[in-house]
Amino acid sequence: QVVRIKKQQQDIMGFLTVNKIDFEECDIVTSEDNRKWMRENVPEDFRPTTGVPLPPQIFNEEQYCGNYEAFFDAREEHAVYAFLGLTAPLGSKVKTMILWTYSVCQNHR
């Protein structure tokens with residue numbers, strides 16, 4: 001499961017980086033505050049029936065955007081900017097992020 005989570009995180013971060021979308025990576029392994037915040041702020045409707053929400057979870061500031069599957073679907077539909085709550089740049093084919101991850105990162109909340 002950890003390998004799958006890391007691959008999903010890399011996929012999201014790679015997309016955001018290539019498209020010059022600023023984001024902050026918040027590690028839930030090294031910070032209990034990050035883990036608690038992520039778990040409390042994933043809306044009830046998007047939580048698993050058993051257990052707790054797993055990363056990656058995507059937020060735009062305090063606004064929940066979705067998990068990896070929702071991000072993947074938005075990317076396939078060229079709707080990532082709408083998914084992220086951002087305005088697409090002019091001429092963009094694809095219609096400030098916080099990405100909750102399961103890896104060590106430089107930026108901690």
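Numbers here are sequence positions counted from 1. As the structure is a computational prediction, the values presented were derived from the model and not from experiment.
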In Å and rounded to the nearest 0.5 Å, what is the CG to CG distance from Leu84 to Asn60? 7.0 Å
Closest heavy-atom pair, Ala70 versus Gly66, reported as atoms and distance to 0.1 Å, is CB-CA, 4.3 Å
So how far is it from Phe23 CZ to Met13 CE, rounded to the nearest 0.5 Å? 6.0 Å
Nearest-0.5 Å distance that lies between atom CD1 in Ile58 and atom OH in Tyr68: 9.5 Å
Show the atom names and distances, to 0.1 Å, of all donor-acceptor pairs under 3.5 Å that link a side chain in residues 38-46 to residues at least two apart or in another chain.
from  : atom 1 : to    : atom 2 : distance (Å)
Asn41 : ND2    : Trp37 : O      : 2.7
Glu44 : OE1    : Arg47 : NH1    : 3.4

Side chains of Pro56 and Asn67: closer than 4.5 Å at any heavy-atom pair? no
Per the salt bridge (charged side-chain N to carboxylate O under 4.0 Å, His left out) rule, what does the pair list look like for residues 64-75, sequence neighbours excluded? Asp11-Arg75
Flag the pair Cys26 / Ser31 as yes when at least one side-chain heavy-atom distance between them is below 4.5 Å, and no otherwise. no
Quick one: are Tyr81 and Ile21 in side-chain contact, heavy atoms under 4.5 Å? yes
Nearest heavy atoms of Ala74 and Phe83, plus distance in Å: CB-CB, 3.5 Å
Spacing of Phe71 atom CZ and Gln8 atom CD [to the nearest 0.5 Å]: 11.0 Å
With rounding to the nearest 0.5 angstrom, report the CD to CD1 distance, Gln10 to Ile12. 11.0 Å
